[in-house]
S.K.: 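Before I ask anything, here is the structure I am working with.
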Amino acid sequence: MIGADASASVAGSADASAAVTLLIADDDAVTRSGLRTLLAVQPGIAVVGEAADGVEAVEQARLLRPDVVLMDVRMPRRNGIEATRQLLASPAASATPPKVVVITTFENDGYVTAALSAGASGFVLKRLPVRQIAEAVRVVAAGEAILFPAALRRMVAARPLGSAEALPRAALTGREEEVLRLMATGLSNPEIAESLTVSLETVKTHVGNVLTKLGAQNRTHAVVIAYESGLVVPGFAG
């Protein structure tokens with residue numbers, strides 16, 4: 001189910017001092033059980049529930065209010081993309097919607113596009129080592145996003161999200177464009193701060209301004225816009 005030979009770039013790092021509550025949604029009972037067993041022993045993660053399909057995933061997320069939902073794509077009754085869209089578009093009353101990390105066996109650019117469009121904060125493969133999946137959960141819970149630059153570049157080339165005009169209209173400052181370029185390389189906020197020799201709070205302010213000006217759902221969506229606009233050229237994100 002989960003292999004060790006995989007490559008991905010994970011943006012950011014999370015504070016492991018507080019446990020991140022996690023709901024696992026997958027229609028395969030063996031996979032679901034395996035993920036629960038392996039992730040439950042990872043530092044800073046508390047698995048609070050499971051769901052066997054997209055309908056149950058939404059119901060359990062609203063009941064248990066986890067920080068993160070690890071959402072499979074191919075599930076009966078309602079697939080993971082539609083479940084993500086419903087969960088984030090119509091959160092439970094007076095509840096902050098969870099972050100969603102889409103997880104699948106298939107490295108399919110269409111799934112990446114659909115997941116981002118639905119509001120997911122990340123996309124990981126089941127063949128990744130469990131420590132990388134755990135790190136993805138912690139990073140997303142901390143407000144960052146999971147970036148796979150190669151998949152993003154292919155996706156933008158083949159399936160633009162129609163937001164390419166956002167960057168020219170956004171009137172980003174020179175420093176904000178610089179921060180966006182560094183975001184596109186997969187750097188976390190602390191890494192950007194170190195690269196630019198500025199404070200972490202300054203970087204957070206710039207990132208917030210970038211997301212607001214671009215109308216981006218999250219960091220990943222902002223990076224997609226950067227590629228679409230030509231600010232970052234596929235194959236070169238510096």
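Numbering starts at 1 and runs along the sequence shown.
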S.K.: In Å, rounded to the nearest 0.5 Å, how long is the span from CD1 of Ile81 to CZ of Arg85?
M.R.: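 CZ of Arg85 is found 7.5 Å from CD1 of Ile81.
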S.K.: Quick one: does Ile133's side chain get under 4.5 Å of Ile103's, heavy atoms only?
M.R.: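 Yes; the side chains approach each other to less than 4.5 Å.
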S.K.: Checking side-chain contact (heavy atoms from CB on, under 4.5 Å) for the pair Asp67/Lys99: CA distance, chi angles, key distance, verdict?
M.R.: CA-CA 6 Å; Asp67 297 316; Lys99 305 291 186 181; over 6 Å; no
S.K.: Do the side chains of Thr31 and Lys126 get nearer than 4.5 Å, heavy atoms only?
M.R.: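 The answer is yes, as the side chains (C-beta and beyond) meet within the 4.5 Å cut-off.
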S.K.: Is any side-chain heavy atom of Pro98 less than 4.5 Å from a side-chain heavy atom of Val69?
M.R.: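 Contact flag for Pro98/Val69 side chains = yes.
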S.K.: Just list the side-chain donor-acceptor pairs under 3.5 Å for residues 34-48, sequence neighbours left out, or say none.
M.R.:
unit_1, atom_1, unit_2, atom_2, d
Arg36, NH1, Glu50, OE2, 3.3
Thr37, OG1, Ser33, O, 3.0

S.K.: Quick one: do Leu128 and Glu135 satisfy side-chain contact (heavy atoms from CB on, under 4.5 Å)? Show the steps, please.
M.R.: CA-CA 11 Å; Leu128 288 175; Glu135 177 66 1; over 6 Å; no
S.K.: Treating Arg32 as the side-chain partner and Asp26 as the backbone partner, does any N or O pair qualify as donor plus acceptor under 3.5 Å?
M.R.: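 Here the side-chain-to-backbone pair exists.
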S.K.: Test your reading of the model: is there a side-chain donor-acceptor pair from Glu56 to the backbone of Ala52, 3.5 Å cut-off?
M.R.: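 Side chain of Glu56 to backbone of Ala52: a pair is present.
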S.K.: Has the side chain of Ser195 got a donor or acceptor atom that lies under 3.5 Å from a matching backbone atom of Glu191?
M.R.: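 Checking the backbone N and O of Glu191 against the side chain of Ser195, no donor-acceptor pair under 3.5 Å is found.
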S.K.: Quiz question: by atom type and distance under 3.5 Å, do the side chains of Ser199 and Thr202 form a donor-acceptor pair?
M.R.: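 A donor-acceptor contact under 3.5 Å links the two side chains.
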S.K.: Shortest non-hydrogen contact from Met183 to Ala222?
M.R.: CE-CB, 4.2 Å
S.K.: Under the side chain to side chain contact (heavy atoms under 4.5 Å, CB included) test, which residues partner Glu178, sequence neighbours left out?
M.R.: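 Residues passing side chain to side chain contact (heavy atoms under 4.5 Å, CB included) with Glu178: Arg175, Leu196.
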S.K.: Checking Ala25 now: which residues fulfil side chain to side chain contact (heavy atoms under 4.5 Å, CB included) with it, not counting sequence neighbours?
M.R.: Ala51, Ala57, Met71, Met75
S.K.: So which heavy atom on Val101 is nearest to which on Phe123, and how close?
M.R.: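 Closest approach of Val101 to Phe123: CG1-N, 4.4 Å.
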S.K.: At what distance, to the nearest 0.5 angstrom, does CG of Asp27 lie from CG of Asp53?
M.R.: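 Nearest 0.5 Å value for the CG-CG distance: 8.0 Å.
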S.K.: State plainly whether one hydrophobic cluster holds both Val203 and Leu211, where clusters connect Ile, Leu, Val, Met, Phe, Trp and Tyr through side-chain heavy atoms under 4.5 angstrom apart.
M.R.: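 The answer is yes; both residues are in one hydrophobic cluster.
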S.K.: Grab the two heavy atoms, one from Asn189 and one from Val207, that are nearest each other, plus how far apart they are.
M.R.: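 Nearest pair, atom of Asn189 first, then Val207: OD1-CG2, 3.6 Å.
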S.K.: Which heavy-atom pair separates Ala120 from Val102 by the least distance, and what is that distance?
M.R.: CB-CG2, 3.9 Å
S.K.: Less than 4.5 Å apart, any side-chain heavy atom of Leu22 and any of Leu70?
M.R.: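 In short, these two side chains touch, coming nearer than 4.5 Å.
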S.K.: Find the distance between CG (Leu172) and CG (Asn209) and round it off to the nearest 0.5 Å.
M.R.: 9.0 Å
S.K.: Specify the closest pair of heavy atoms between His206 and Glu176, including all atoms of both residues, with the distance to one decimal.
M.R.: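 Result for this residue pair: ND1-CG, 4.0 Å.
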S.K.: Would you say Leu87 and Val100 make side-chain contact, with heavy atoms under 4.5 Å?
M.R.: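 Yes, their side chains come closer than 4.5 Å.
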S.K.: Do the side chains of Val130 and Val68 join up, straight or via other hydrophobic residues, at under 4.5 Å, putting them in one cluster?
M.R.: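 They do share one cluster, since a chain of ILVMFWY contacts under 4.5 Å joins Val130 to Val68.
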S.K.: Taking all non-hydrogen atoms of both residues into account, name the closest pair between Ser121 and Val140 and its distance.
M.R.: CB-CG1, 3.7 Å
